[in-house]
Amino acid sequence: ARAKKYRYFAVIAYENREPRAALSLLASSFRLSPVSFLVESRAWVLLGATLMQCILPERIGIPLDRALRAFRRRLVS
């Protein structure tokens with residue numbers, strides 16, 4: 001349960017554009033429960049998005065994030 005809580009807090013950190021905090025929380029989640037982290041697709045998506053936030057400049061990362069969210073919404077609908 002704590003591993004899921006850390007992933008939830010990582011989402012909040014990501015949404016607040018704090019990628020280093022999000023990565024730290026994701027690492028804590030992985031350490032607590034590596035198997036659940038590896039099988040949870042949302043954890044992988046969050047990890048990719050957070051790494052994107054770390055690597056890309058905001059002028060590229062923010063529009064790309066919006067575009068990927070819109071694409072995902074179309075896939076789910």
Give a yes or no answer on whether the side chain of Ser28 reaches the backbone of Ser24 with a donor-acceptor pair at less than 3.5 Å. yes
Rounded to the nearest 0.5 Å, the CZ atom of Arg66 sits from the CD1 atom of Ile62 at a distance of 6.0 Å
For Glu58 and Pro63, which heavy atoms make the closest approach, and how far apart are they? O-CD, 3.7 Å
Could you report the tightest heavy-atom contact between Ala10 and Ala22, atom names first, then the distance? O-CB, 3.5 Å
Look at the aromatic rings of Phe37 and Phe30 and report parallel, tilted or perpendicular, splitting at 30° and 60°. perpendicular
With the 4.5 Å side-chain cut-off for hydrophobic clustering, are Leu26 and Phe9 part of the same group? no
Taking side chain as C-beta onward, heavy atoms only, is Arg7 less than 4.5 Å from Leu25? no
What distance separates Ile60 CD1 from Ile55 CD1, expressed to the nearest 0.5 Å? 12.0 Å
Residue Arg72 excluded, over 12 heavy atoms near CZ under 6.0 Å: no
Please name the pair of heavy atoms, one in Leu23 and one in Cys54, separated by the smallest distance, quoted to 0.1 Å. CD1-SG, 3.6 Å
Any side-chain heavy-atom pair of Glu40 and Ser29 under 4.5 Å: no
In terms of hydrophobic clustering (I, L, V, M, F, W, Y; side-chain heavy atoms under 4.5 Å; direct or indirect links), are Trp44 and Leu32 co-clustered? no
Flag the pair Tyr8 / Lys4 as yes when at least one side-chain heavy-atom distance between them is below 4.5 Å, and no otherwise. no
Is a side-chain N or O of Asn16 found less than 3.5 angstrom from the main chain of Ile12, in a donor-acceptor match? yes
Can you measure from CD (Glu15) to CD (Gln53) and round to the nearest 0.5 angstrom? 8.5 Å
Distance in Å, Arg69 CZ paired with Leu64 CG, rounded so as to fall on 0.5 Å steps: 11.0 Å
Going from CG on Leu47 to CE on Met52, what distance comes out if it is rounded to the nearest 0.5 angstrom? 12.0 Å
Is there a continuous path of hydrophobic side-chain contacts, each under 4.5 Å between heavy atoms, that joins Tyr14 to Val45? no
